[in-house]
A.B. asks: 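The structure is given below, and queries will be raised subsequently.
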Amino acid sequence: MRVVVDLTRCQGYGQCAFLAPDAFTMHGQEALMYDTDPGDEQREKVLQAAAACPVQAIHVDRMATQHRTVDPELRHPTRDGDDEFKRNGHIVIVGASLAGGRAAGVLRRDGFKGTVTLIGDEPYPPYDRPPLSKQVLAGKVDAEHTMLPQLRDIDVEWLAGTPATGLDIGAKQVRLADGRQIDFDKVLIATGARARPWPKKEEAALDGVYVLRTLDEADRMRERLAAGVGRVLIIGAGFTGSEVASVCRSLGLEVTVVEAGPAPLVGAFGKVIGDIAADMQREAGVDLRCEVTVTALEGDADGRLVGARLSDGSRVEADMAVVALGALRNVEWLEGSGLAAGPWGVATDAGCRAVDINGLVTDDIFVAGDVARFPHPVYHYQFMALEHWGNAVAQAEIAAHNMLSDQAHRWPHLSLPVFWSNQFNTNIKSVGVPSVADEVVIAQGSVENRRFVAVYGYRGRITAAVTFDQAMWLDFYRDLIERAEPFPPDFHMVGRPEELRPVPAEVPQRMAPAEGATVVVTGHDPAERRVSLVRHQQ
């Protein structure tokens with residue numbers, strides 16, 4: 001039995017934990033942990049839990065799509081050439097993780113009868129990455145039990161453990177590491193990202209130095225933790241680093257976190273929320289050191305990690321280090337292809353079609369998931385690349401639909417980014433892009449109790465919301481963002497302070513929004529989702 005919880009939808013009601021406590025547990029108020037592969041003796045209880053979930057976030061053996069439409073089988077008029085392609089065409093998907101697997105399922109759902117070839121560099125079918133830094137490291141779930149339920153039974157040609165090495169747009173071929181060349185009519189690039197390694201190769205090779213992104217990496221880390229560790233050094237206090245710190249503390253291990261910025265999660269949420277996350281870590285017993293970097297990892301004569309030197313002149317002893325310095329997008333295989341691909345990812349239009357180096361949109365090459373860099377109308381048409389579970393799913397579904405549609409029936413990718421993180425018994429969720437903001441306000445709840453909603457604004461419009469153990473409010477704020485509602489929000493909400501006091505968000509200015517490009521998103525059915533431009537009111 002395969003179980004996955006769509007935590008972009010989960011609102012922490014906890015019905016599943018009451019009905020199937022051996023499969024689902026709540027840590028703190030809303031932080032859900034679950035068994036991805038419970039035994040068959042749990043099936044009846046798990047199915048009851050799935051049926052009782054108020055937001056239908058639990059998927060058992062099959063996964064539902066995010067984009068539901070009244071016309072899922074594409075019954076709109078098509079040309080003869082389109083029908084021939086749907087019957088006998090060949091679609092190649094490069095990347096066999098969440099986005100690639102989801103796209104394959106949607107292609108079959110929407111009536112594609114031709115050949116689908118799914119190419120992956122790992123030897124595994126699509127698996128769920130979020131549990132790797134949570135349930136797997138904690139020893140609650142075996143890494144090999146994180147395989148994703150399929151959208152439906154799909155007929156695909158699997159080429160697992162076979163990396164792609166090149167893309168020839170003119171010849172319409174994907175080159176593989178084993179020398180084969182795979183012809184295609186259309187191709188989806190979903191090669192994702194990999195963990196950024198420690199930059200000094202000799203130090204990165206020390207026994208005890210790890211990164212965390214793949215199933216194999218999580219399995220090796222779990223084995224190391226189970227074998228016994230004295231002190232864990234975590235380099236970087238983003239989401240992965242913070243989640244690993246949380247798991248290690250729950251195992252009773254001594255943990256030092258070194259972060260170059262002024263607080264954890266600053267890059268995503270800004271310093272106001274970062275300071276709250278810092279307090280949370282220190283209260284949990286983490287030795288958190290901010291505005292400091294690791295200058296060298298040290299090993300003994302046998303090549304085992306023993307510690308690290310820091311930029312402030314201090315030294316930390318550790319026999320395990322986790323490098324959590326972000327990700328590198330897997331675009332090297334596209335060098336020379338003619339696509340606009342680089343460290344930022346692969347540029348696309350809002351319909352997931354790839355853009356070439358001249359800025360022209362391609363017709364037969366699509367991109368989805370972590371590797372895609374796309375313009376989002378809600379955020380002033382700025383190009384962004386998102387390493388979010390929900391974005392990978394939504395974008396894969398849009399790309400698959402558009403691969404089978406003519407220009408008149410393509411859908412834009414307008415989903416707002418939704419992200420979650422379970423750490424230190426707290427469920428942290430966000431909707432929108434907090435890094436496009438100049439102010440933030442605590443709109444509901446209590447920071448002291450770690451149950452609150454922080455709302456972000458840019459020049460008088462709501463751009464994002466972050467919740468700590470208040471996930472039920474996220475859909476409400478999603479609607480406000482899509483309607484371009486004024487900031488700060490003026491509603492008499494549960495837990496609203498007597499006075500809303502916006503303060504500078506203190507978010508690193510990684511994105512510089514364009515002027516005068518505020519839009520309102522309308523429509524619910526994906527075939528009707530559109531934006532309309534509104535002028536910014538001075």
A.B. asks: With sequence neighbours left out, write down each residue that passes side chain to side chain contact (heavy atoms under 4.5 Å, CB included) with V521, or none if nothing qualifies.
C.D. replies: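 Applying side chain to side chain contact (heavy atoms under 4.5 Å, CB included) to V521 gives V378, L414, E482, R529, V531.
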A.B. asks: Taking only residues two or more places apart in sequence, or in another chain, which ones meet R496 in a side-chain hydrogen bond (donor to acceptor under 3.5 Å, both in side chains)?
C.D. replies: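 R496 satisfies side-chain hydrogen bond (donor to acceptor under 3.5 Å, both in side chains) with no residue once adjacent residues are dropped.
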A.B. asks: Among residues two or more places apart or on two chains, list those pairs meeting salt bridge (Lys or Arg N to Asp or Glu O under 4.0 Å) that have a residue in residues 238-249.
C.D. replies: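 Qualifying pairs: K134-E243.
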A.B. asks: According to ring-ring contact (aromatic ring centres under 6.0 Å, His included), who are the partners of H388, at least two apart in sequence or on a separate chain?
C.D. replies: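 Result, ring-ring contact (aromatic ring centres under 6.0 Å, His included) vs H388: F419.
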A.B. asks: Under the ring-ring contact (aromatic ring centres under 6.0 Å, His included) rule, collect the residues that match up with F468, sequence neighbours excluded.
C.D. replies: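 Here the qualifying residues are F452.
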A.B. asks: According to ring pair (Phe, Tyr, Trp, His ring centres under 6.0 Å), does anything in residues 97-132 pair up with another residue at least two apart or in another chain? List the pairs.
C.D. replies: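 As it turns out, the ring pair (Phe, Tyr, Trp, His ring centres under 6.0 Å) pairs with a partner in residues 97-132, which skip direct neighbours, are F85-F112.
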A.B. asks: What residues form a side-chain hydrogen bond (donor to acceptor under 3.5 Å, both in side chains) with R224, not counting sequence neighbours?
C.D. replies: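 Listed in chain order: D207, Y210.
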A.B. asks: With sequence neighbours left out, which residue pairs that include part of residues 26-53 fulfil the ring pair (Phe, Tyr, Trp, His ring centres under 6.0 Å) condition?
C.D. replies: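 Sorted result for residues 26-53: empty, none.
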A.B. asks: By side-chain hydrogen bond (donor to acceptor under 3.5 Å, both in side chains), which residues pair with D40, not counting sequence neighbours?
C.D. replies: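 None.
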A.B. asks: Got a sec, which residues hit ring-ring contact (aromatic ring centres under 6.0 Å, His included) with F18, two or more places apart in sequence or on another chain?
C.D. replies: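 Scan of F18 (ring-ring contact (aromatic ring centres under 6.0 Å, His included), adjacent residues dropped) gives none.
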A.B. asks: Got a list of side-chain donor-acceptor pairs under 3.5 Å for residues 136-149, not counting sequence neighbours?
C.D. replies:
| unit_1 | atom_1 | unit_2 | atom_2 | d |
| --- | --- | --- | --- | --- |
| T146 | OG1 | A143 | O | 2.7 |

A.B. asks: Run the side-chain donor-acceptor check on residues 43-50: report pairs under 3.5 Å with partners two or more places apart or on a different chain.
C.D. replies:
| unit_1 | atom_1 | unit_2 | atom_2 | d |
| --- | --- | --- | --- | --- |
| R43 | NH1 | D61 | OD2 | 3.1 |
| R43 | NH2 | D61 | OD2 | 3.0 |

